[in-house]
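The chains referred to below are lettered A, B, ... by the order of the sequence lines, with proteins before strands, and numbering in each begins at 1.
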Amino acid sequence: MLPSTYEAKKYEDKIYKIWEDSGFFKADVNSDKEPFTISMPPPNATGVLHLGHAVMLAIEDILIRHRRMKGYEALWLPGTDHAAIATESVVIKNLKNEEGIANPRSLGREKLVKRIAEYVKKSQGTIRSQIRKIGASCDWSREKYTMDQSLNRCVNEVFKKMFNDKLIYKAERVVNWDVSLQTTISDDEVEYIEKESILYTFEYLSAKQTGGEPIFVATSRPETKLGDTALAVHPDDNRYKHLVGQTFDVVWPGGQEIKVTIIADHTVDRKFGTGVVGITPFHSKTDYEMWQRHKDKIKSKPIQVINEDGKITDNVKSYVGMTAEECRNEFVEGLRKEGKLKSEKKYIQQLSISYRSKKPIEPLPKLQWFIDVNKEVVEWNNKKMSLKQIMQEVVRKKEIQIIPDRFEKIYFNWIDNLQDWCISRQIWWGHRIPVWYKENKTYVDIQPPKEQGWEQDTDTLDTWFSSALWTWSTLVDTKLTKDFSISLEDILKNSPEFQKFHPTHVMETGYDIIFFWIARMILMTTYSIKQIPFKTVYLHGLIRTREGKKMSKSDPKTCIDPLNIIEQYGADALRMSMVIGNTPGNDMRLYEEKIRGYRNFTNKLWNASRFVLTILEEKKITNEQPIKQENLSDSDQWILNKLNLTIKTADKNLMEYKISDTGQLLYNFLWNDFCDWYLELSKGPKQNPAVLYHVLKNILILLHPITPYVTEEIWSHLPGQKNMLIKTNYPAPDKREYNGLSTEKIINVITKIRQLRAENKIEPARKIPITIFGHEHLETLKENKSEILRLARVSELTLEEKGEKLSNASTEVVNGIEIFIPLEGLVDTKKEKERLTKEISNLENYLKSLKAKLSNTKFTDNAPAEIVKGEKKKMKEAEEKLEKMKEQLAQF
RNA sequence: GGGCGAUUAGCUCAGUUGGCUAGAGCGCAGCAUUGACGUUGCUGAGGUCAGUGGUUCGACUCCACUAUCGCCCACCA
């Protein structure tokens, strides 16, 4: 006998261990079954589980368990990410704070990397055990880490291939420099915030110099003007047209001397500021590009004003060593003194900050590695394409489907704006760039050169470079990757896992990393192995607080900790609450009452099962019984019919990734159909243990992907089931036809009686006599007399085919069945009369609108026959009901 | 500046090719009847589907515009 409440805590860890030890999570590479693969988005190796992970794990686990039960060879491959910058900066911080090492880099590369690796090893276990807590049925035997040797091999292979195809190149560009982290970051890692700052307008060229009006320039960063090489104006701007092409000498406060050439460029906005832009090629990407376009006309060479530490370089002697901000203040002060400062206006600036450090970005000229996204050298479908074009092609041709599809637009828009991807990082933790230098020679390969004296490039690769290969670099044979004489192509050819499980089927992740990761996977994988990485992209939304705010780790009040929730309510309840009401691409609010509601659901399931198990025990049933058609009552047929429909819909929904709908459907089936009606009806003489067993069994199977723990635990108590639920086959709908129509009517009659009782304030405890005129349903009513007596609390039930309407009775009509509750001593007749009158008037209005509709020839001519038929039926029913109710009213 | 999403009951949300007198859960109100469940049962109240106009026999659903909120993208210095 089960305890009367389900306490998740008692069972979950135990069940997970049995699952894992039994090897049920392991996919068999040699099986003949059709594969179904999900690559788990690897959480940071040093992270802690948060709701974002929890929702990802819940959705993926549901999909995997469903497919596994359906007979697919389901592989869910887990792993962790080395999270280059994030991890390195955490360890550096720890070394500073905990060990007092002021400059951890002074340890040297080898030592620091070792320390980071140790740290990762220690903390990796945390995230692993937390993934288990959710119930994730992933294949731990195939767990990967982005820094594994095999993945490193793939990274190097791809780098080399791209280098040989001239898709990877090294060049000096203005890049996004994160001063606090001391590394470049890619364009996608730059965020914009709105910040109030000051727009300074000052005299750049005097009236004397121009021989007419002086030229003013507006800028929020005056200090960069110390490195200007040009002034840009719009080609059609009549104010400045005559000056284009001329070069002027400018002496800034402090003595810095520069030469600026006036150039004309269409990108200049005549209306902003003074319509003149100072061009500082080395401290602004746009300026750099403009300088490139007009290089040959511009007399002076660009200079770097600000260095990697955000300080003024010795190119500007007067301010050298100052921070940019100090320099700005001094410089503006100098302008003011010289009487050149015209105005200082507050305005809202789009400030670029680093996604990692949240500190401002300093655009700096640097020699870096890039991936060329426009070069058309990639073979795809017998065409030469650029990386951009491939990315567009596979989505446009529906080789990859994105759910929800509106994200396709966002994806295409991103590609349209995409520029070459800066992949080198000046940190030590990560895949080191496989390039070696000696004197002025460069060597690129998957292994260091044999010869002495070569120095490896000091940079590492953007962490997304290795993540971009994740779907397949995790499937290559790790023995083969150690043999450097085998080509990547041959490694892939001879890796059974890769051959069976790639391309993967679903990539499920938050929409916030569509560019960082989804797009990069598509780009890198299609290019490097000529396969798409996945067929479907399922993007879930972010979990928000009840108020719709982002949950932030720093604020425990707004932040729900999944582990804490699991401890209190169980993983199943958490899973359900994250999945029901969560539609792809939309954010969802989560709060404790909601989770509690689903905890109640698990308890409901537990108790319904407890009840059924008691009956089975009583009846000494130790095995699943065949369902015999001839023994089925109408209510048996009713529930079997509903079950069939539920099986069909649930399966269809899951195949279409409609997870929320599936959850809702099963919730209703268990609670409303099975518990509220079928179990209640089973408490009478028509109890059928075989059907109870059958329906419960199927409920457990259907719910298992969503609530794996509670269903598995109950399953272990189901007599005669030898295998674990996790490995049980998903049900196919029963081919037999079931009826169950009388039960539908009986339910309606019982509900109506309950309503009448409640409306007339007849206490539930009080049993009352009732008269029913069944008309053509008399037989059905007779068969179900005991159910009506019991479930509607009726003391005496008079069943007639038809007869004289009872006077002074509360009455209703449902399915043509007339119900009378004699009012003698029970009911306020005046109120009852009012109620009837009101209902009749409602019904009349309803009829009126139906009649109007049906007499409209435009409707009858144009609407589908089915609809018209439906409306006619409605009208007929309403008319019949109206007639009966009018007769009843006449009795008062 | 461009694009996207949201707006349905007090709250959180469903509503799938346009066709049930618009649904659920929670909350609220009233009442409690257990072969299991008070983490329960029964019943009820509560909605001009953001607004305006259009298409249609018919619009929560499609189109246009407006409003409010949110997000993404973009080289306004």
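Partners of A:R406 by salt bridge (charged side-chain N to carboxylate O under 4.0 Å, His left out), not counting sequence neighbours: none found. In terms of the salt bridge (charged side-chain N to carboxylate O under 4.0 Å, His left out) criterion, residue partners of A:K683 (sequence neighbours excluded) are, by chain and number, A:E680. Scanning for side-chain contact (heavy atoms from CB on, under 4.5 Å) contacts around A:Q664 gives A:I580, A:S660, A:N668, with sequence neighbours left out. Residues satisfying the side-chain contact (heavy atoms from CB on, under 4.5 Å) test with A:Q755, not counting sequence neighbours, are A:T751, A:K752, A:E759. Under the ring pair (Phe, Tyr, Trp, His ring centres under 6.0 Å) criterion, A:Y11 pairs with A:Y6, A:W606, not counting sequence neighbours. Checked against salt bridge (charged side-chain N to carboxylate O under 4.0 Å, His left out), A:E844 has the following partners two or more places apart in sequence or in another chain: A:K886.
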Check: protein-nucleotides 13-19 of chain B nitrogen or oxygen pairs below 3.5 Å:
from  : atom 1 : to     : atom 2 : distance (Å)
B:C13 : OP1    : A:R589 : NE     : 3.2
B:A14 : OP1    : A:T583 : OG1    : 3.3
B:U16 : O2     : A:K658 : NZ     : 2.6

Where do N or O atoms of nucleotides 71-77 of chain B meet protein N or O atoms at under 3.5 Å, pair by pair?
from  : atom 1 : to     : atom 2 : distance (Å)
B:C73 : O2'    : A:N413 : OD1    : 3.1
B:C73 : O2'    : A:N417 : ND2    : 3.1
B:C76 : O2     : A:D269 : OD2    : 2.6
B:A77 : N6     : A:D269 : O      : 2.4
B:A77 : N6     : A:F272 : O      : 2.9
B:A77 : N1     : A:D269 : N      : 3.1

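For residues 577-591 of chain A, the set of pairs meeting the salt bridge (Lys or Arg N to Asp or Glu O under 4.0 Å) definition, not counting sequence neighbours, comprises A:R544-A:D587.
For RNA chain B, runs of at least 3 consecutive pairs of the Watson-Crick or G-U wobble type, with both hydrogen-bonding distances under 3.5 angstrom, map to B:1-7 with B:67-73, B:10-13 with B:23-26, B:28-32 with B:40-44, B:50-54 with B:62-66.
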With a cut-off of 3.5 Å and sequence neighbours excluded, list every side-chain donor-acceptor pair involving residues 864-876 of chain A.
from   : atom 1 : to     : atom 2 : distance (Å)
A:E871 : OE1    : A:K853 : NZ     : 3.3
A:E871 : OE2    : A:K874 : NZ     : 2.7

Query raised in the report: Reading nucleotides 26-31 of chain B from the 5' end, what letters show protein touch, with B for base, S for backbone sugar-phosphate only, - for no heavy atom under 4.0 Å?
Result: -----S
